[in-house]
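Numbers restart at 1 for each chain; the letters A, B, ... are given by sequence-line order, proteins then strands.
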Amino acid sequence: MAGVPQPVEKDPSFPALEERVLERWREHDVFRESIRRRAGAEPWVFYEGPPTANGPPGSHHVLARVFKDIFPRYQTMLGRYVERKGGWDCHGLPVELAVEKELGFTQKDDIERYGIAEFNARCREKVFSHVEDWNRLTERIAYWIDLDDAYRTMDAAYIESVWWALKTIWEKGLLYEGFKVVPYCPRDQVTLSSHELGQPGAYRDVEDPSVYVRLPVTKPVGPLAEGDELLVWTTTPWTLVSNAAVAVDPDLAYVRAREDDRVVVVAEALLDDVLGDAEHEVLARFPGREIEGAGYEPPFDFIPAEAYGPRGHTVLLGDFVTTEAGTGLVHTAIAFGEDDFRLGEQYGLTVVNPVRLDGTYDERIGPYAGRGVKDADTDLVEDLRARGRLLRAESYLHSYPHCWRCGTPLLYYAKPSWYIATTKIRDRLLAANESVTWYPEHVKHGRFGKWLENNVDWALSRERYWGTPLPVWRCPEGHVHTVGSFDELEELSGVRIEDPHRPYVDDVGFPCPHCGQRAERVPEVIDVWFDSGSMPFAQWHAPHENADVFQARFPADYICEALDQTRGWFYSLLAVSTLLFDRSSFKTVLCLGLILDEQGRKMSKSLGNVVDPWDVLDRYGADAFRWYFLTAAQPWDGYRLNLEKIGESVRLFLLPLWNTYSFYVLYARANDVAEARAGGETDLDRWALSRLADTVEFVRERMDDYDATNAGRALAALLDDLSNWYVRRSRRRFWDGDEAAFATLHTCLVTISQLLAPFCPFVADEIYGNLDGTEPSVHLTDFPVPGERDEQLEADMAVARVAVRLGLAARGQAKMKLRQPLHAAVVAAEAGERAAIERLSDLVREELNVKELRFVSAADELGSLEVKPNYRVLGPRFGKDMPIVALAVAGLDPAHVARALRDGEPLPISVGGHDHELGPDDLITATKPLEGYEVEREGSHAVALELGLDDGLRREGLAREVVHAVQAARRDAGLDVSDRIALRLGGDDALLDAARAHEAYVMGETLARTVGYDLDGAGEPARIEGMELRVAVERVAG
RNA sequence: GGGCGAUUAGCUCAGUCGGUUAGAGCGCUUCUCUGAUAAGGAAGAGGUCCCAGGUUCGAGUCCUGGAUCGCCCA
């Protein structure tokens, strides 16, 4: 113990307190010391998912950081060695876009004109533009992470490790360049990865044209005749200019149908949908395969059939045709759709792409050259209509992907791109996922598992500037070399690279080892998710350095991010480590839900409903913010962020905690208690310690299962028991300096400070420091181990508290003030309950302010007994006959049942002609209150009050009123709780008589050295039951 | 269109193995206690457990279908 504790503020400002604690932590380097103390212990590994510091942190970052913090703290207190290396995600398009915006760039060309070196230098600065905000917030919310030694994905060493990973993947034959149709943003001129399509706001509901186009047959086959019109449907008219073919399903039924004077070809199932009410007549019915090879006139003649090869502008067979929408004949533009592209590959069609990288048509599209393709939709449709080639044009509301950064609608566009063949290791990804424990559990085989099952190859390359350069060199002969280290590059080229970023690395070439021609680096950089997914080894520059350090810290025991990282970091971490090491890089992952505003809407700048974390921190403090996130809900369910609720955290948890603590300190100081010794404990003490042991056990069990929510709620329940029952019932012992009481409360508070340390690290440390202080900080102590429990006592106390509750309710019903003593409370209880209440009768009597407790043997003496079947027991036994049993039980005589139960005799009943016996567990008894008594009942429990008063009781009640008035006067006079007084009373004789009759009691309660009854017209007036009392108090020497 | 999750009091949330009067906190009304407490205690008001079927002696809980919301995918 730390000696007599220092005085405690009555009305603390938690934010100010936290600043002081922070100062102490800085002074004593507590965070680092907490790790140093565990040096040599078994590591418990946490990986920090790196944020980007190019914008200020928001409330959702506080949420993530609170959950990233609490379990490492807990594990450290359990004795594990928990390094926490920070990290920053540096590369990527968001940074580039921010710089572009600053420089006023509108096109990608602007960057090249400006110079890549200068542009990237600006990106390098920009990426840490808000790092001070982040550092400040991180410290303020007590997220203990090592930011001084944080990894940064843009550092040369980090990049070199990523190169190693890519080379390893290349050597496994899993890195390839493919020509694929990809979602492409013409504004940013970048290909988007599937993760980026998953960014919020990517899919938006938009209206696009929906057009049905007539394609007259020029070269009929099978059932077709020249001039028949193939009907195709598209929502992207701009792709019609490069129509290459029409796809039909070989087995699907198609029809030739007469419509006015024309003959159209359409899938039978869609005939009515397409032609609608227009009169039509089916001329022929045939499977799609019969018209394979038919030639037709394209919608536009900008590009001749020959350009696509021999199969251009003919009918082809595809397996992707659906009858859910459209016509069953699919317009195919090879460059602009994934199915289209595959079909083209299958039939050997030449890719013709008349759209430039900036999203405009090139010169091949005559009058439309230079126009943005989406803008041209309307004119193209009008053109078709003018030429009689349009069956119908409508608009179509559907969800379409947009660039998540700039909002431009994406084009599906055939482009060469570098891929990692993750589909080849899909089974290994699924196997790796099996080894991971997910919170919540359903993500494992739900959202994340499903994502893995539908895995597509990882589109790795980006045609951008600020990123890890793809370490692939290629010579004019097409020989590819992947470089895994700077040494390797130096050996090949003779150049030692200092900064591996573009454009410097672009200048490094070397003679191709195969053919001797100069190999140049391909221009792409890589997806930033590969950067962050590489952090398990790249943060240590492994394997080039620290290979052993990496090995010792792989895989992570725990990672934690928001649920939106399912397709982001969670995936890239798993994919990279499975590619390289065939196992998951994390064992446990906690997913966090979204933060919504009070109306359940997403927080966004445009709605103006963003909660600035600093507002919360300045007003309520970090402990309150943390406690709210940790206990308000299961973290994956998300939060409706509510400032009132955070205030409630203070009012309902932190303040009662503080008040209990401050109560202890107040009386420890008043009694000069430095080191209270255990011994002489009461049942109440033993109960408090048992509840403490119970809570320690429960908190450990929950925290081991990453359940901070229920651990925290249990802690709050313990505090409530302590504050509103233990202290409430023990006050006199603290006034009297009872050592066992001090020792008990001290143990409870110090243990609570340790249990609370991972949750609310500030207030926990403050309390620990003042009450114990063996260590410089609570965060350097070991997490409490459960002491001995007395479950019988806990159960007994629960029963006694029910009796108290019933008694108080009875008082309330009778409108009988608690200050008025009563002769007796009559308690009806079963034998076990009676024993419990008798054991704790002092507590019950004092709390109810009655002279005596009287017991009656059964509740039926206070009301008529009711007998009910115990469904839980009887249900399984009687099944379908249960309603008959219930009837039989209702027909039993309650008095007879009560006797039989008391005597332990079985009760016979008859069900369906068979006799059965019911035992005590088969029945539940309850009392019905009788008229005219003040009885409260609950189950088999009932408490009645004897309301009759005699003069003695009445005088005692008045004496207590007098004491109350004197206490008020003491408080008004600003006296300290331990000040002694000279008391003078005056006023109504009945009151003075009562005070005289109980003079010792009055003096004792009010710490009066002397009492006089001579106060005439002076002193503070008070009214008691219509009578006047005058009170004067004067401090006298102790 | 598909997947995952959610829906319980005005608000925020519990609700165990299916067991018969569905709970807590906040807020509201009334009373009460106070020698730490902006706290505590008692009473009251407040419920279509999203809806509809089904299984069962018995469903907030299990099954099927649907609605709404959120997230993810297409």
Side-chain angles (χ1 to χ4, degrees), chain A residues 8 10-11 194 197-198 200 202-203 322 324-325 398-401 440 442-443 445-451 453-454 562-564 566-567 593-594 596 598 600-602 628 631-634 636-640 642 644-645 647-648 650-652 655-667 670 709-710 713 716-717 720 723-725 727-728 731-732 734-735 804-813 815-819 847 849 868-876 878-886 924 926 936 963-964 966-968 970-971 975-979 1005-1007:
Chain A
V8 164
K10 272 189 82 80
D11 185 18
S194 45
L197 251 51
Y203 276 86
T322 78
E324 305 228 323
H398 65 153
S399 164
Y400 192 83
H442 61 76
V443 178
H445 295 121
R447 182 177 290 210
F448 193 73
K450 293 282 192 315
W451 162 261
E453 284 167 20
N454 298 318
L563 199 48
D564 56 13
T566 309
R567 271 79 179 174
L594 264 75
L596 306 172
E598 294 188 24
R601 297 172 308 180
K602 207 166 165 171
Y628 167 77
T631 60
Q634 294 293 339
W636 44 81
D637 286 339
Y639 298 80
R640 285 196 180 193
N642 184 322
E644 298 281 308
K645 289 280 157 196
E648 219 173 82
V650 177
R651 215 158 46 77
L652 289 176
L655 264 182
L657 170 69
W658 188 264
N659 287 328
T660 308
Y661 158 67
S662 119
F663 171 87
Y664 174 88
V665 171
L666 184 64
Y667 287 101
T709 310
N710 286 303
R713 287 174 180 177
D720 189 66
S723 167
N724 289 322
W725 188 245
V727 172
R728 175 184 167 80
R731 275 192 284 231
R732 179 165 304 277
F734 287 96
W735 307 338
V804 164
R805 191 167 69 240
L806 294 174
L808 289 174
R811 265 193 186 267
Q813 287 299 314
K815 301 240 181 280
M816 180 57 73
K817 289 181 170 194
L818 198 46
R819 270 198 289 268
E847 186 68 17
N849 195 17
K868 294 166 113 187
N870 185 349
Y871 283 92
R872 190 183 276 263
V873 175
L874 295 178
F878 288 100
K880 277 195 206 315
D881 293 330
M882 200 51 218
I884 305 171
V885 175
I924 294 169
E936 291 292 324
V963 167
H964 180 59
V966 175
Q967 301 296 14
R970 282 184 60 112
R971 193 165 43 237
L975 297 183
D976 192 79
V977 291
S978 56
D979 285 338
E1005 289 295 299
T1006 61
L1007 301 184

Enquirer: Can W735(A) be called stacked on G35(B) when the rule is centres closer than 5.5 Å and an angle between planes below 30°?
Expert: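 Check passed, W735(A) stacks on base of G35(B).
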
Enquirer: Looking for any heavy atom pair under 4.0 Å, which part of the strands does K817(A) touch: base, sugar-phosphate only, or nothing?
Expert: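 If one applies the 4.0 Å heavy-atom cut-off, K817(A) turns out to touch the sugar-phosphate alone, with no base involved.
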
Enquirer: Taking only N and O in the side chain of R728(A), is any of them less than 4.0 Å away from OP1 or OP2 of G41(B)?
Expert: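 No, R728(A) has no side-chain N/O under 4.0 Å of OP1/OP2 on G41(B).
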
Enquirer: What does P440(A) touch in the nucleic acid at a heavy-atom separation under 4.0 angstrom: a base, only the sugar-phosphate, or nothing?
Expert: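 No contact.
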
Enquirer: May I ask you to say what N724(A) touches in the nucleic acid, namely base, sugar-phosphate or nothing, with a heavy-atom cut-off under 4.0 Å?
Expert: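 Sugar-phosphate, no base atom in range.
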
Enquirer: Does G1(B) have a Watson-Crick or wobble mate here (both distances under 3.5 Å), and if so which one?
Expert: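 Its partner is C73(B).
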
Enquirer: For G47(B), which nucleotide in any strand shown is its Watson-Crick or wobble partner with both distances under 3.5 Å?
Expert: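 Here G47(B) is not engaged in any pair, so there is no nucleotide opposite it.
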
Enquirer: Does A6(B) have a Watson-Crick or wobble mate here (both distances under 3.5 Å), and if so which one?
Expert: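 When the pairing criteria are applied, U68(B) turns out to be the nucleotide that pairs with A6(B).
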
Enquirer: Using a heavy-atom cut-off of 4.0 Å across all strands, would you classify E453(A) as base, sugar-phosphate, or nothing?
Expert: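 Contact class for E453(A): none.
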
Enquirer: Looking at every strand, decide which applies to R732(A) at a 4.0 Å heavy-atom threshold: base, sugar-phosphate, or nothing.
Expert: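 The answer is nothing, as R732(A) stays clear of every strand by at least 4.0 Å.
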
Enquirer: Under a 3.5 Å cut-off for both contacts, is U21(B) paired Watson-Crick or G-U wobble with anything, and if yes, with which nucleotide?
Expert: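 By the stated definition (distances under 3.5 Å), nothing pairs with U21(B).
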
Enquirer: Determine which nucleotide pairs with C62(B), using a 3.5 Å limit on both distances of a Watson-Crick or G-U wobble pair.
Expert: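 Answer to the pairing question: G54(B), which forms a Watson-Crick or G-U pair with C62(B).
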
Enquirer: Using 4.0 Å as the upper bound for N to carboxylate O, is an ion pair formed by K645(A) and E648(A)?
Expert: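 Counted as a salt bridge, because a side-chain N and a carboxylate O are separated by less than 4.0 Å.
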
Enquirer: How would you label the contact of L563(A) with the nucleic acid (heavy atoms, under 4.0 Å): base, sugar-phosphate, or nothing?
Expert: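 Counting heavy atoms under 4.0 Å across all strands, no contact is made by L563(A).
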
Enquirer: Using atom C1' in both nucleotides, what's the gap between A52(B) and A45(B) to the nearest angstrom?
Expert: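 Straight-line distance between the two C1' atoms is 31 Å.
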
Enquirer: For Y667(A) and A36(B), is the shortest distance between a side-chain N/O and OP1 or OP2 below 4.0 Å?
Expert: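 It does, given that an N or O in the side chain of Y667(A) lies less than 4.0 Å from OP1 or OP2 of A36(B).
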
Enquirer: Check the pair E1005(A) / R732(A) against salt bridge (Lys or Arg N to Asp or Glu O under 4.0 Å), numbers first and verdict last.
Expert: CA-CA 10 Å; E1005(A) 289 295 299; R732(A) 179 165 304 277; 2.3 Å; yes

Enquirer: Parallel, tilted or perpendicular: which fits the ring planes of F734(A) and F663(A), with parallel below 30° and perpendicular above 60°?
Expert: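 Geometry flag for F663(A) against F734(A): perpendicular rings.
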
Enquirer: For a quick check of understanding: with a heavy-atom distance under 4.0 Å over all strands, which category does D11(A) fall into, base, sugar-phosphate or nothing?
Expert: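 Since a base atom lies under 4.0 Å of D11(A), the category is base.
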
Enquirer: Need one value for I884(A): base, sugar-phosphate or nothing, where a base atom within 4.0 Å counts as base even if backbone is also close, heavy atoms only.
Expert: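 No contact.
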
Enquirer: Test side-chain contact (heavy atoms from CB on, under 4.5 Å) on V963(A) and R819(A); report intermediate values, then the result.
Expert: CA-CA 10 Å; V963(A) 167; R819(A) 270 198 289 268; over 6 Å; no

Enquirer: Can you check whether H964(A) has a side-chain N or O nearer than 4.0 Å to OP1 or OP2 of C33(B)?
Expert: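 The answer is no; no side-chain N or O of H964(A) sits under 4.0 Å from OP1 or OP2.
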
Enquirer: For Y661(A) and W658(A), I'd like to know if the aromatic rings sit close, meaning centre-to-centre distance below 6.0 Å.
Expert: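 Yes, close enough.
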
Enquirer: Across the strands shown, which category fits E1005(A) at heavy-atom distances under 4.0 angstrom: base, sugar-phosphate, nothing?
Expert: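 Touches a base.
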
Enquirer: Have a look at K880(A) and say if it touches a base, only the backbone sugar-phosphate, or nothing, with a 4.0 Å heavy-atom cut-off.
Expert: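 Counting heavy atoms under 4.0 Å across all strands, the contact made by K880(A) includes a base.
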
Enquirer: Are the side chains of L808(A) and L818(A) in touch, meaning some heavy atoms are under 4.5 Å apart?
Expert: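 The answer is yes; the side chains approach within 4.5 Å.
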
Enquirer: Can you tell me the Watson-Crick or wobble partner of A42(B), both distances under 3.5 angstrom?
Expert: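 Partner of A42(B): U30(B).
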
Enquirer: Quantified in whole Å, what is the C1' atom distance between nucleotide U16(B) and nucleotide A22(B)?
Expert: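 Straight-line distance between the two C1' atoms is 14 Å.
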
Enquirer: Look at all strands and tell whether E648(A) reaches a base, only sugar-phosphate, or nothing, counting heavy atoms closer than 4.0 Å.
Expert: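 Contact class for E648(A): sugar-phosphate only.
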
Enquirer: So what does R970(A) touch, heavy atoms closer than 4.0 Å: a base, only the sugar-phosphate, or nothing?
Expert: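 No contact at all - R970(A) keeps every heavy atom at 4.0 Å or more from the nucleic acid.
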
Enquirer: Distance criterion of 3.5 Å, no angle test: do you see the side chain of R819(A) paired donor-to-acceptor with the base of C33(B)?
Expert: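 Looking at the base of C33(B), it does not pair with any donor or acceptor on the side chain of R819(A) (distance under 3.5 Å).
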
Enquirer: So what does V443(A) touch, heavy atoms closer than 4.0 Å: a base, only the sugar-phosphate, or nothing?
Expert: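 Nothing, no nucleic acid heavy atom in range.
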
Enquirer: C1' atom, A38(B) versus A43(B): distance in rounded Å?
Expert: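 Comparing C1' positions in A38(B) and A43(B) gives a spacing of 23 Å.
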
